[in-house]
2 protein chains.
Amino acid sequence: MIDRRSDRAVYRQLADILRDQIAAGTLPPGAGLPSELRLSQDHGIARSTARQAIAVLRSEGLVAPDGRKGYVVRHPESDGPAIRLKPGDTVTARMPSPAEQRTHDLDEGVPLLLVRSKDGTTVAYSGDQVLQVGQA
Amino acid sequence: MIDRRSDRAVYRQLADILRDQIAAGTLPPGAGLPSELRLSQDHGIARSTARQAIAVLRSEGLVAPDGRKGYVVRHPESDGPAIRLKPGDTVTARMPSPAEQRTHDLDEGVPLLLVRSKDGTTVAYSGDQVLQVGQA
DNA sequence: AGAGATTTGTCCGTATGTATT
DNA sequence: GAATACATACGGACAAATCTC
């Protein structure tokens with residue numbers, strides 16, 4: 001329930017509620033979120049506030065627009081086969097620029113994995129990818 | 001300049017402008033951003049729209065609240081010494097939950113690097129950390 | 001100490017556009 | 001056409017923290 005007297009912002013409280021439902025499996029991957037209007041009515045808040053809550057979950061990579069209508073819970077699945085890392089490779093992560101988001105076809109809230117080889121070249125992968133250190 | 005007739009949303013246009021200034025060094029790391037009010041006046045837009053633009057840059061990890069007042073351009077520096085990866089380790093990245101954000105003391109827009117060892121244990125690092133595959 | 005200005009954080013209501021159903 | 005749903009933009013309002021004088 002939303003507590004108006006709480007110190008925690010209303011939109012954060014709603015984000016917490018939905019995040020918990022996703023973690024608990026009440027909202028499993030692929031499931032649709034209630035619409036912004038529905039959420040605002042159910043919780044007695046403004047639609048713009050419900051929207052703020054969804055924005056939080058989007059930035060966390062937990063939900064994504066359905067393309068057709070509404071939002072769906074993202075699959076945390078790893079993407080495709082593992083990428084092999086070579087000795088001396090270094091790995092970091094950061095959020096993509098809009099251009100990188102396009103070229104790598106990333107959902108919002110999905111970071112970029114940057115692999116730099118010994119020769120100085122850097123290759124970027126979706127954060128959903130799995131990088132694996134070559135078995136000894 | 002903001003182009004009202006453009007297809008690109010106004011807040012995205014402003015985010016583009018600021019992002020370019022950061023990339024060009026006009027807004028170097030550590031520099032303060034103009035206030036929301038200032039941005040809204042300078043570009044003839046609502047404060048809430050200017051705020052949306054800043055939210056974009058925050059989610060990209062380019063700027064962070066100053067703690068005191070206003071926003072500053074983040075230092076893209078890598079954090080501390082490199083972490084060694086062992087053979088068989090796998091690496092993925094995702095955005096942290098609010099709890100993880102707290103425990104790892106992450107700025108907004110900074111992803112989490114997840115390293116899973118062969119024995120199944122997973123350790124999380126800031127996306128600013130550098131992971132390195134042990135030299136052969 | 002105190003007053004005032006600045007700045008961000010939050011919330012609301014409204015309106016319009018576009019796409020889908 | 002109508003209803004639904006998200007995307008964008010504006011405006012106003014108040015609180016809380018901080019800075020300045």
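Just so it is clear: chains get the letters A, B, ... in the order the sequence lines come, proteins before strands, and each one is counted from 1. These numbers come from a predicted model, not from an experiment.
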Of the options [options], whose atoms approach the side-chain atoms of [X] most closely?
X     : options                : value
A:I45 : D:dT18, C:dC12, C:dC11 : C:dC12
B:S48 : D:dT18, D:dC10, C:dG13 : D:dC10
A:A46 : C:dT10, C:dC12, D:dA7  : C:dC12
A:R51 : C:dC11, C:dT10, D:dT8  : D:dT8

Judged by atom type as modelled, is there a donor-acceptor pair below 3.5 Å linking the side chain of [X] to the main-chain atoms of [Y]?
X      : Y      : value
A:R47  : A:E36  : no
B:S117 : B:G120 : no
A:D89  : A:K86  : yes
A:E100 : A:L112 : no

Could you check how far [atom1] of [X] sits from [atom2] of [N], rounded to whole Å?
X     : N      : atom1 : atom2 : result
B:I2  : D:dT8  : CD1   : C1'   : 13 Å
A:D7  : C:dT10 : CG    : P     : 12 Å
B:D3  : D:dA9  : CG    : C1'   : 15 Å
B:R4  : D:dC10 : CZ    : P     : 4 Å
B:E36 : D:dG12 : CD    : P     : 16 Å
B:D66 : C:dT8  : CG    : P     : 10 Å
B:Q52 : C:dT8  : CD    : C1'   : 16 Å
B:R5  : D:dA9  : CZ    : C1'   : 18 Å

Is [X] close enough to [N] that one of its side-chain N or O atoms is under 4.0 Å from OP1 or OP2 there?
X     : N      : value
A:Y11 : C:dT10 : yes
A:R47 : D:dC6  : no
A:R58 : D:dA7  : yes
B:S35 : C:dT6  : no

Specify the residue among B:L37 and A:T49 whose closest nucleotide of DNA chain C lies further upstream toward the 5′ end.
-> B:L37
5' priority, DNA chain C, between A:K69 and A:A50 [closest heavy atom] = A:A50
A:L33 or B:V10: which one's nearest nucleotide on DNA chain D is closer to the 5' end?
-> A:L33
Note: B:D7-B:R12 ion pair, threshold 4.0 Å (strictly below) = no
Pairing of A:E60 and B:R94 as salt bridge, 4.0 angstrom limit = no
Within the structure shown, what part of the strands sits under 4.0 Å from A:R38 by heavy-atom distance: base, sugar-phosphate, or nothing?
-> nothing
Contact class for A:R8 vs. all strands (heavy atom < 4.0 Å): base, sugar-phosphate, or nothing?
-> nothing
